[in-house]
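To start, the structure under review is shown below, and the notes come after it.
Letters go in sequence order (proteins before strands), and every chain restarts at 1. Keep in mind that the numbers below use all heavy atoms, side chains included, and drop hydrogens, waters and symmetry copies.
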Amino acid sequence: MSTQLAAVRGMNDVLAGQMPAWQHLEQVTRTLFAEYGFQEMRVPIVEHTQLFKRAIGEFTDIVEKEMYTFSMSADESLTLRPEATAGIARAAITNGLLRGARLKLWTSGPMFRHERPQKGRYRQFHQIDIEALGFPGPDVDAEIIAMTARMWRRLGITRVKLKLNSLGTTESRRVYREKLVAYFQQHADVLDEDSRRRLGGNPLRILDSKNPAMQAVISGAPLLTEHLDPESREHFEGLTAMLAASNIDYVLDPRLVRGLDYYSRTVFEWVTDALGAQDAVCSGGRYDGLITQLGGEATPAVGFAMGVERIVELMQQTGATFAAPSPQVYVVIAGSRAGRAALALVERLRDELPGIAFETNAGGGNFKAQFRRADRSGAPLALVLGDDELERGVAQLKPMRQEGVQIEVPLAELAGRIPALLKSLQG
RNA sequence: GUGGACGUAGCUCAGCUGGUAGAGUCCCGGAUUGUGAUUCCGGCUGUCGCGGGUUCGAGUCCCGUCGUCCACCCCA
């Protein structure tokens, strides 16, 4: 309750009780990505500020007001990464990974954005991130979307739906943007304050406005989908055809634009109605121009990021429970000589029975308390070692989770008896 | 950055119209001195977020402040 010792606002501890759910998500995605041929890589949490400005865009909210930026010297400005794509793209360039190569990569870790914390939105949050570099066609777009659909199935998550749009190429978007600006300028009198500000920087985001008063103007605005260049249209039709053939449902959303400037052509967003206002759980798209823009050789690319905290929340809402594994044998100790002998005995059992989880009572406690801990540990079997047993060269084995008789076993035979006993108790 | 709600034992919370704090849970001990989860008995823990004000007296009223949550905004 002390206020002088507090965590930084928006930065949460992930306590031990939460970790089984996190680990389940990590294990499911790690397996899935490997099945689709993606390889893990890791990039730094800190990059030069300039990288994010160039990649994400000067006029985005992220760059304008959400970055954790600090300077180490007068000419070195560094930033805690607000997303992963820029770092991956930079790494591909600086490590010489491109040269026409096709790379399927994934990474994960903490991201930082200085926003007001809210349900599903934190200042340090975690993303799992996929990037496919060097693939120009819609086939990879479709494949990574199919992969996410499979991921929801494996996680048992059903309250998500896929929104899809195409932003066209940078050039076609420029033409469209001019028309859009002209349209909104004609209706400048009904624009709200935010929208007027965006008119100069990123007019496409006006389309995203949730302000009810704006909906009439927005619905009359020219549609991006009607201004796509032929190649982008063909790309998008290829994508939707492949999704349809794979029975992946999607909703076309011509208003779907992204908050990051680097996207082109395909953009998609998995949204949920189960998390309150922060409804995006997994989203991304194509960024064919980014690597060139950062100084690398022209390389088409597509990727997405998903929010770990949000997905864990969805997993828990399905009613599934995630528990840390219980020990299999809890060792109860009675007497000081038994206490001194217990470690060596259990170490020997660990040598003989690798893979079996023993928890030896530590921290004292009387017999009753030790059995209470044994019970709460969830262990199916208790091993009792007292001074009396030690003297006679035996130990007691007592089933904890179901009816069964306690048996006395010579110490030398424990390793031979425990596996079968556990099997009968768990089967 | 803007708005609303809330901040009482480790945890979940109760404290009506102001009279100097309680329950459950957890933890510890006991109920045949070596056997748990049920039951019974006993015990421990609180600067009632912080600071100031009103009052004979404030957890309860007022102001400020910090924090949490939710929403706007934006996004994962």
In whole angstrom, what separates A/Gln124's CD from B/A76's P? 17 Å
With hydrogens left out and only the distance checked, is there a donor-acceptor pair under 3.5 Å joining A/Arg116's side chain and the base of B/U2? yes
Measure the spacing between CZ of A/Arg337 and CD of A/Glu389 and express it to the nearest 0.5 Å. 11.0 Å
Rounded C1' spacing from B/U20 to B/G29 in Å: 32 Å
Which nucleotide wins on minimum distance to the side chain of A/Lys65, given the candidates B/U68, B/G29, B/C73? B/C73
For the pair made of CD1 in A/Ile62 and C1' in B/A76, what is the distance, rounded to whole Å? 10 Å
Nearest 0.5 Å, what's the CG-CG distance between A/Leu421 and A/Leu414? 10.5 Å
Pick the closest RNA chain B nucleotide for A/Asp61 and for A/Asn12 by heavy atoms, then say which residue is nearer the 5' end. A/Asn12
Is a side-chain donor-acceptor pair under 3.5 Å present for A/Thr79 with A/Thr69? yes
Between B/A9 and B/G4 - P atom distance, rounded Å: 26 Å
Roughly, in whole Å, what's the span from CZ in A/Arg123 to P in B/G67? 9 Å
Atom CZ of A/Phe367 and atom P of B/C28: how far apart are they, to the nearest Å? 16 Å
Under the criterion side-chain contact (heavy atoms from CB on, under 4.5 Å), which of A/Leu105, A/Thr85, A/Val43 is the partner of A/Asp129? A/Thr85
Interatomic distance where CZ belongs to A/Arg9 and C1' belongs to B/U65 [whole Å]: 13 Å
side-chain N/O A/Arg121 vs B/A71 OP1/OP2, d < 4.0 Å: no
Rounded to the nearest angstrom, tell me the gap between atom CG in A/Leu15 and atom C1' in B/G10. 13 Å
Using atom C1' in both nucleotides, what's the gap between B/G10 and B/C44 to the nearest angstrom? 12 Å
Would you classify A/Ala277 as touching base, sugar-phosphate or nothing, given that sugar-phosphate means primed atoms plus P, OP1 and OP2, and contacts are heavy atoms under 4.0 Å? base
What does A/Val308 touch in the nucleic acid at a heavy-atom separation under 4.0 angstrom: a base, only the sugar-phosphate, or nothing? nothing
Once you measure the plane-to-plane angle for A/His126 and A/Trp22, does it fall in the parallel (<30°), tilted (30-60°) or perpendicular (>60°) bin? perpendicular
Strictly below 4.0 Å: does A/Asn366 bring a side-chain N or O up to OP1 or OP2 of B/G34? no
Among A/Thr225, A/Val257, A/Leu256, which one satisfies side-chain contact (heavy atoms from CB on, under 4.5 Å) with A/Leu167? A/Val257
Could you state the interatomic distance from CD1 (A/Ile418) to CZ (A/Phe358), rounded to the nearest 0.5 Å? 4.5 Å
Distance test, side-chain N/O of A/Gln278 to OP1/OP2 of B/A76, below 4.0 Å: no
Just to be sure I understand the rule, does A/Gly276 reach a base, reach only the sugar-phosphate, or reach nothing, if contact means heavy atoms closer than 4.0 Å? sugar-phosphate
Just the rounded figure in Å: distance from P of B/A37 to CE of A/Met400. 9 Å
Using the P atom on both, measure B/C11 against B/G46 and round to a whole Å. 14 Å
Could you work out the separation of B/U25 and B/C40 based on their P atoms and round it to a whole Å? 9 Å
Kindly point out which of B/A76, B/G29, B/G36 is positioned nearest to the side chain of A/Phe371? B/G36
Phosphate contact (B/U38 OP1 or OP2) by A/Arg372 side-chain N/O below 4.0 Å: no
Assign each of A/Glu269 and A/Arg376 the nucleotide of RNA chain B bearing its closest heavy atom; nearer the 5' end lies the nucleotide of A/Arg376
Mind telling me whether A/Tyr263 and A/Tyr287 have parallel, tilted or perpendicular rings, with 30° and 60° as the class edges? perpendicular
May I ask you to say what A/Glu64 touches in the nucleic acid, namely base, sugar-phosphate or nothing, with a heavy-atom cut-off under 4.0 Å? nothing
Heavy atoms from other residues, nucleotides or ligands near CZ of A/Phe70 exceed 12 (cutoff 6.0 Å): yes
Phosphate OP1/OP2 of B/G36: any A/Arg373 side-chain N/O under 4.0 Å: no
Determine, step by step, whether A/Arg265 and A/Ser232 satisfy the side-chain hydrogen bond (donor to acceptor under 3.5 Å, both in side chains) criterion, reporting the C-alpha distance in whole Å, the side-chain angles of both residues, the deciding distance to 0.1 Å, and the verdict. CA-CA 6 Å; A/Arg265 290 194 172 153; A/Ser232 291; 2.9 Å; yes
Kindly indicate whether the side chain of A/Glu66 and the base of B/G1 share any N or O donor-acceptor pair separated by less than 3.5 Å? no
Taking B/C61 as the reference, what is the distance to B/U55 when you measure between their C1' atoms (whole Å, please)? 10 Å
Kindly say whether, by distance alone, the side chain of A/Gln370 makes a donor-acceptor pair under 3.5 Å with the base of B/U35? no
Tell me what A/Phe304 touches on the nucleic acid: a base, only sugar-phosphate, or nothing, going by heavy atoms under 4.0 Å. nothing
Could you check whether A/Lys398 gets within reach of a base, just the sugar-phosphate, or nothing at all, counting any heavy atom under 4.0 Å? base
Between B/G52 and B/U68, how far is it from one P atom to the other, in whole Å? 23 Å
Round to the nearest Å and state the distance from A/Tyr330 atom OH to B/U35 atom C1'. 13 Å
Distance check, C1' atoms only: B/C50 and B/C13, in whole angstrom units. 22 Å
Just to confirm, is there a sub-4.0 Å distance from OP1 or OP2 of B/G36 to any side-chain nitrogen or oxygen of A/Lys368? yes
Let me have RNA chain B in dot-bracket notation, would you? Count Watson-Crick plus G-U wobble pairs, both distances under 3.5 Å, and use [ ] for pairs crossing earlier ones and | for inter-strand partners. (((((((..((((........)))).(((((.......))))).....(((((.......))))))))))))....
What I want to check is whether an N or O donor and acceptor connect the side chain of A/Glu115 with the base of B/C72 at under 3.5 Å. no
